Amino acid sequence: MEVGLVKRVDIDQEMQQSYLDYAMSVIVARALPDARDGLKPVQRRILYAMHDMSLGPDSGYRKSARIVGEVLGKYHPHGDVAVYEAMARLAQDFTMRYPLVDGQGNFGSIDGDPPAAMRYTEARLTRFATELLSQIDRNTVDFADNFDGTLREPQVLPAAIPNLLVNGANGIAVGMATNIPPHNLCEVVDALAFMLDEWERLDEIGVPDLMRFIKGPDFPTGGILLQNVEEGGLLAAYGSGKGRILIRGKVHAEDLGRGRTRLIITELPYQTNKTSLIERIAELVREGVLESIADLRDESDRQGMRIVIELKQGAEVETTIRTLYQRTPLQSTFGIILLALVDGEPRLLTLKQALRVFLEHRIEV
């Protein structure tokens, strides 16, 4: 266009096109995972950069700041905070069912504590992550130019493990969101093996057949999953790609004698902040809603979670537990949205479709 030339455009059309371009950029290049390897671009770039640095599970740890710098300089020209947060999340055993980064140092806690600054922590790949990168040097996947055209980066990882379902994903794009729960690796592999055995009659296989192997989500923080039979529960969610499930923390009562009892919470619903839960219980005690509680303390340590709630003499145990479920985050709703990128386009997947996309990717690899 010549300097000084004024071009007349329709503002409605220009705004519409510009917004669509922006929306698709966020959807494809930032917020949604690829259905084949279950990774968002920033996660894929972190793993590939660490692989490039030879930071395998048998190597020494390297400073997180060094890894973040490598990712920024070579593949991901965005903020260092965003890259480090994504990397820290991959190292959290309370977020990832099977962590992809082996972190040394403070990478945050279930109490909501943030990770230490990247200059203090160190990291390397886990053995699980190396399976996602297996055979990447054998021309198994497509590579494309990086942001400045000086290097090549993978468009997808070979992914010998069904990471999308196994580790789950969540992300908010423009006009759409994904929220895929984590699952047990053995169960998902059994379902994949069943599909391969029945490959000739794959069209006849339904979600109930697959649910003989995949019983439901398997959250890293445990908990008890409740199903509403009337709404279809998991069967409806896996069959349509959208649904809601209830998750409860695990509570058991211990008899202290002389009519005294205490409740022990050992597991929490996924993504529940432990400190926030304890504060909420204390708030209900002050308000007189939970009058049966005499003492509340957190005895969690490296061996596991243990929140102790001591009840007053003669207190109704079942009533107290019911109130805890109703009035605190000890019971929460998880909305399943199996949305992922298939051939570069956002697609709402059923359980069968998600498994099939992975199998087709593996056959191609």
Side-chain angles (χ1 to χ4, degrees), residues 33-34 36-76 80 83-110 115-143 146 151-169 182-189 192-193 218 220 302-304 358 361-362 365:
D34 192 296
R36 296 168 293 178
D37 61 6
L39 297 171
K40 300 176 186 179
V42 65
Q43 296 170 330
R44 190 177 302 116
R45 287 163 176 167
I46 289 167
L47 298 184
Y48 183 64
M50 292 176 77
H51 168 75
D52 223 18
M53 295 167 71
S54 301
L55 291 180
D58 300 322
S59 74
Y61 291 91
R62 193 74 62 86
K63 281 286 184 188
S64 298
R66 170 76 175 81
I67 298 166
V68 170
E70 187 86 358
V71 176
L72 289 178
K74 290 185 174 179
Y75 309 113
H76 198 72
D80 60 326
V83 174
Y84 182 53
E85 282 181 357
M87 190 180 96
R89 186 178 166 80
L90 295 177
Q92 294 171 344
D93 58 2
F94 54 90
T95 299
M96 306 290 287
R97 181 63 182 81
Y98 302 92
L100 301 177
V101 170
D102 177 10
Q104 185 167 265
N106 172 20
F107 276 88
S109 75
I110 197 167
M118 66 178 101
R119 61 183 178 274
Y120 298 121
T121 60
E122 298 178 336
R124 64 184 178 187
L125 292 172
T126 61
R127 206 162 292 284
F128 192 96
T130 60
E131 292 297 328
L132 292 178
L133 291 149
S134 173
Q135 299 181 331
I136 196 168
D137 53 345
R138 299 189 190 177
N139 199 25
T140 49
V141 292
D142 292 334
F143 277 69
N146 70 337
L151 295 165
R152 305 279 285 173
E153 63 173 313
Q155 297 295 88
V156 67
L157 297 187
I161 287 172
N163 185 57
L164 181 76
L165 286 173
V166 164
N167 265 325
H183 293 80
N184 184 278
L185 177 62
C186 297
E187 291 180 2
V188 175
V189 168
L192 290 167
D218 185 14
R302 291 186 180 185
Q303 272 63 54
F358 173 75
H361 172 58
R362 284 305 296 169
V365 165

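Bear in mind the structure is a predicted one, so any value in this text is a computation, not a measurement.
Minimum interatomic distance between Gln43 and Leu39 (heavy atoms only, all atoms of both residues): OE1-CA, 3.5 Å. What you find for Ala123 and Met87 is that their closest heavy atoms are CB-CE, 4.0 Å. Nearest heavy-atom pair across Val141 and Leu157 is CG1-C, 3.9 Å. What you find for Lys63 and Arg119 is that their closest heavy atoms are NZ-O, 2.9 Å. Of all heavy-atom pairs between Ala88 and Pro115, the closest is CB-CG, 3.7 Å. Of all heavy-atom pairs spanning Ala116 and Thr121, the tightest one is CB-CG2, 4.0 Å.
No side-chain heavy atom of Tyr75 sits under 4.5 Å from any side-chain heavy atom of Val83. Side-chain contact between Leu47 and Leu90 is present, with heavy atoms from C-beta onward closer than 4.5 Å. No side-chain heavy atom of Asp218 sits less than 4.5 Å from a side-chain heavy atom of Glu187. Inter-residue side-chain proximity for Pro57 and Thr126 is flagged as unmet; no heavy-atom pair is nearer than 4.5 Å. Counting only heavy atoms from C-beta outward, the side chains of Arg97 and His183 never approach each other to under 4.5 Å. In this structure the side chain of Leu55 never reaches within 4.5 angstrom of the side chain of His51, judged on heavy atoms. You'll find the side chain of Leu100 stays beyond 4.5 Å of the side chain of Leu125, heavy atoms only.
Remark: Arg152 pairs with Asp145 by the side-chain hydrogen bond (donor to acceptor under 3.5 Å, both in side chains) rule, at least two apart or across chains. With sequence neighbours excluded, the residues satisfying side chain to side chain contact (heavy atoms under 4.5 Å, CB included) with Arg138 are Gln135, Thr140. Legend: residues meeting side-chain hydrogen bond (donor to acceptor under 3.5 Å, both in side chains) with Asp58, ordered by chain and number and at least two apart, are Arg127. Arg45 meets the salt bridge (charged side-chain N to carboxylate O under 4.0 Å, His left out) test with Glu153; sequence neighbours excluded. For Asp93, there are no side-chain hydrogen bond (donor to acceptor under 3.5 Å, both in side chains) partners two or more places apart in sequence or in a different chain. Legend: residues meeting side chain to side chain contact (heavy atoms under 4.5 Å, CB included) with Ala65, ordered by chain and number and at least two apart, are Met118. For Lys40, there are no side-chain hydrogen bond (donor to acceptor under 3.5 Å, both in side chains) partners two or more places apart in sequence or in a different chain. For the side chain to side chain contact (heavy atoms under 4.5 Å, CB included) test, residues two or more places apart in sequence or in another chain that qualify with Leu192 are Pro162, Val188, Leu355, Phe358, Leu359. Not counting sequence neighbours, Tyr84 has no partner by the ring pair (Phe, Tyr, Trp, His ring centres under 6.0 Å) test.
Within 6.0 Å of the OH atom in Tyr120, the count of heavy atoms belonging to other residues, nucleotides or ligands does not exceed 12. Crowding of Asp137 atom CG: a count of heavy atoms from other residues, nucleotides or ligands under 6.0 Å exceeding 12.
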Given Phe143 and Ile136, is the side chain to side chain contact (heavy atoms under 4.5 Å, CB included) satisfied, shown in steps?
-> CA-CA 10 Å; Phe143 277 69; Ile136 196 168; 4.0 Å; yes
Starting from the C-alpha separation in whole Å, work towards a yes-or-no answer on side chain to side chain contact (heavy atoms under 4.5 Å, CB included) for His76 and Asn146.
-> CA-CA 8 Å; His76 198 72; Asn146 70 337; over 6 Å; no
Stepwise, does the side chain to side chain contact (heavy atoms under 4.5 Å, CB included) test hold for Asp142 with Val156?
-> CA-CA 7 Å; Asp142 292 334; Val156 67; over 6 Å; no
Would you check, one step at a time, whether the test salt bridge (Lys or Arg N to Asp or Glu O under 4.0 Å) holds for Arg89 with Glu85?
-> CA-CA 6 Å; Arg89 186 178 166 80; Glu85 282 181 357; over 6 Å; no
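Here the options are Leu132, Leu133, Asp34, the test is side-chain contact (heavy atoms from CB on, under 4.5 Å), and the partner is Arg44; only Asp34 passes.
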Contacts under 3.5 angstrom, residues 101-110 side chains, donor-acceptor by atom type, not counting sequence neighbours:
{"residue": "Asp102", "atom": "OD1", "partner": "Tyr61", "partner atom": "OH", "Å": "3.4"}
{"residue": "Asp102", "atom": "OD2", "partner": "Tyr61", "partner atom": "OH", "Å": "2.9"}
{"residue": "Asp102", "atom": "OD2", "partner": "Arg124", "partner atom": "NE", "Å": "3.0"}
{"residue": "Asp102", "atom": "OD2", "partner": "Arg124", "partner atom": "NH2", "Å": "3.3"}
{"residue": "Gln104", "atom": "NE2", "partner": "Glu122", "partner atom": "OE1", "Å": "2.7"}
{"residue": "Asn106", "atom": "OD1", "partner": "Gly108", "partner atom": "N", "Å": "2.9"}
{"residue": "Ser109", "atom": "OG", "partner": "Asp111", "partner atom": "N", "Å": "3.2"}
{"residue": "Ser109", "atom": "OG", "partner": "Asp113", "partner atom": "OD2", "Å": "2.8"}

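To the nearest 0.5 Å, atoms CD (Glu70) and OH (Tyr48) are separated by 10.5 Å.
Applying the ring-ring contact (aromatic ring centres under 6.0 Å, His included) test to pairs two or more places apart or on separate chains, those with a residue in residues 85-106 are Tyr98-Phe128. Listed by first then second residue, pairs satisfying side-chain hydrogen bond (donor to acceptor under 3.5 Å, both in side chains) with a partner in residues 158-169 read Asn163-Asn167, not counting sequence neighbours.
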